[in-house]
Amino acid sequence: MASDYERVESAIQFIHNHHNSQPSLAEIASEVGLSNFHFHRLFRRWAGITPKQFLQFLTVEHAKQMLANNNLWDTSLELGLSGTSRLHDHFVTLDAVTPGEFKTSGEGLHIEYGLCQSPFGPAFISVTKRGICQLAFVTQENPQQPLDNLRENWSKAKITLNQKRIADIGNNIFSSDDHRRTRIHVFVKGSNFKLNVWKSLLKILPGAVCSYTQIANSIQKPRACRAVANAIGCNPVAFLIPCHRVIRNTGALGGYHWGIERKMALQVYEAAKSQNN
DNA sequence: ATTGCCTGCGTGG
DNA sequence: CCACGCAGGCAAT
């Protein structure tokens, strides 16, 4: 029995591979192995939109339009979050250290990890007292990779499984009910350049996208777009640091560590949620 | 939409 | 230091 996300992903894959031939909704439905009726229900359930709307969100035209939009940046972050008047709640705050400040590879640090479900497939999360230090999607090809990365990146930390705790954290992060969500704190290490890039990503509003160049401009390094792309690719905390909201100037999506289909799914999902506001 | 050539810059040796 | 490679950009087609 395939999960909703697996079906959404295979639909995306099919659309992506056949975007030249403009497949009909019925064709896509049968590719996913569902009747038209259930296909429709799947999208209503998953993102609250119809398959047709779903298709429209995935076009390059739509992406370009989103890029042209001015209201991408949450300026309240730059203004320093003036208490009650903020327009958008910042669910994610960031605590960062440079490698220089943190030479010990996590000595004395206790990290708990585990798996949870998300609208984008199973996710691997690890967390310290100071915040979430990793969020990785689990791929079928290499399900061990997140744990291997964790051990490598924090080689001297005490690392233990705590499935219950991670399930709770996952429920909070991916809760569709914004009012139920509590503040999420992230704890990462990286070079100063990477940290600057990651902080910029936090300013992009859900449902919005921006280009690699716009991020480069925002950190006062207008010609560093490629270095920016590289830094974005090193983001250890998928979804929470929203690297999926950065695309190419042309409207093409660019790359994604967790697969281009997942990047599309994340964008459609957020676009669908934010259009209802 | 796809190709090919251009670029600057952070990173790791 | 220097060489390398990049989840990009851009112009030409």
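Proteins come first, then strands; the chains are lettered A, B, ... in the order of their sequence lines, and each starts at number 1. Hydrogens, waters and symmetry mates are skipped; everything else that's a heavy atom, side chains included, is used.
In this structure a side-chain-to-backbone donor-acceptor pair under 3.5 Å is present from A:Ser274 to A:Glu270. A:Glu101 places a side-chain N or O within 3.5 Å of a backbone atom of A:Thr98 that can act as its donor or acceptor partner. Between the side chain of A:Asn153 and the backbone N or O of A:Asn149, no donor-acceptor pair lies under 3.5 Å. With A:Lys263 contributing its side chain and A:Val246 its backbone, the two residues share a donor-acceptor pair below 3.5 Å.
In DNA chain B, runs of at least 3 stacked Watson-Crick or G-U pairs (N1-N3 plus N6-O4 or O6-N4, or N1-O2 plus O6-N3, all under 3.5 Å) give these stems: B:1-6 with C:8-13, B:8-13 with C:1-6.
Taking the side chain to side chain donor-acceptor pair (under 3.5 Å) definition, one finds that A:Asn217 meets it with nothing, sequence neighbours left out. In terms of the side chain to side chain contact (heavy atoms under 4.5 Å, CB included) criterion, residue partners of A:Gln53 (sequence neighbours excluded) are, by chain and number, A:Ile49, A:Thr50, A:Gln275.
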When the side chains of residues 132-141 of chain A are checked against the rest of the protein, which donor-acceptor pairs come out under 3.5 Å, sequence neighbours left out?
residue, atom, partner, partner atom, Å
A:Gln134, OE1, A:Ser126, OG, 2.8
A:Gln134, NE2, A:Pro146, O, 3.0
A:Thr139, OG1, A:Asn142, N, 3.4

In residues 158-170 of chain A, what donor-acceptor pairs under 3.5 Å come from side-chain atoms, sequence neighbours left out?
residue, atom, partner, partner atom, Å
A:Thr160, OG1, A:His110, NE2, 2.9
A:Asn162, OD1, A:Arg165, N, 3.1
A:Asn162, ND2, A:Glu112, OE1, 3.2
A:Asn162, ND2, A:Glu112, OE2, 3.2
A:Gln163, OE1, A:Leu115, N, 3.1
A:Gln163, NE2, A:Leu115, O, 2.4
A:Lys164, NZ, A:Asp168, OD1, 3.2
A:Lys164, NZ, A:Asp168, OD2, 2.7
A:Arg165, NH1, A:Glu112, OE1, 2.8

Side chains of residues 224-236 of chain A: which donor-acceptor pairs under 3.5 Å do they make with residues two or more places apart or in other chains?
residue, atom, partner, partner atom, Å
A:Asn235, OD1, A:Val237, N, 2.9
A:Asn235, ND2, A:Val237, O, 3.3
A:Asn235, ND2, A:Ile241, O, 2.9

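Going from atom NE2 of A:His16 over to atom P of B:dA1 covers 11 Å, rounded to whole Å.
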For this session: Between protein and nucleotides 2-13 of chain B, map the contacts as a letter string: B base, S sugar-phosphate only, - none, heavy atoms under 4.0 Å, written 5' to 3'.
Result: S----BBSSS--

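Along DNA chain C, read 5' to 3', the first and last nucleotides having any atom under 4.0 Å from a heavy atom of chain A are C:dC6 to C:dC10.
Listed by first and then second residue, the salt bridge (Lys or Arg N to Asp or Glu O under 4.0 Å) pairs that reach into residues 24-46 of chain A are A:Asp4-A:Arg45, sequence neighbours excluded. Residue pairs that meet the ring-ring contact (aromatic ring centres under 6.0 Å, His included) test with at least one member in residues 41-64 of chain A, sequence neighbours left out, are A:Phe39-A:Phe43, A:Phe43-A:Phe54, A:Trp46-A:Tyr269, A:Phe57-A:His62. Residue pairs meeting the ring-ring contact (aromatic ring centres under 6.0 Å, His included) criterion with at least one member in residues 180-233 of chain A, sequence neighbours excluded, are A:Trp154-A:Phe187.
Using a 4.0 Å heavy-atom distance criterion, A:Thr250 is classed as making no nucleic acid contact. Among the atoms of the strands shown, only primed sugar atoms or phosphate atoms (P, OP1, OP2) are found under 4.0 Å from some heavy atom of A:Val60.
Side-chain contact between A:Cys210 and A:Ile215 is present, with heavy atoms from C-beta onward closer than 4.5 Å.
Within residues 236-245 of chain A, no residue has any heavy atom under 4.0 Å from DNA chain B.
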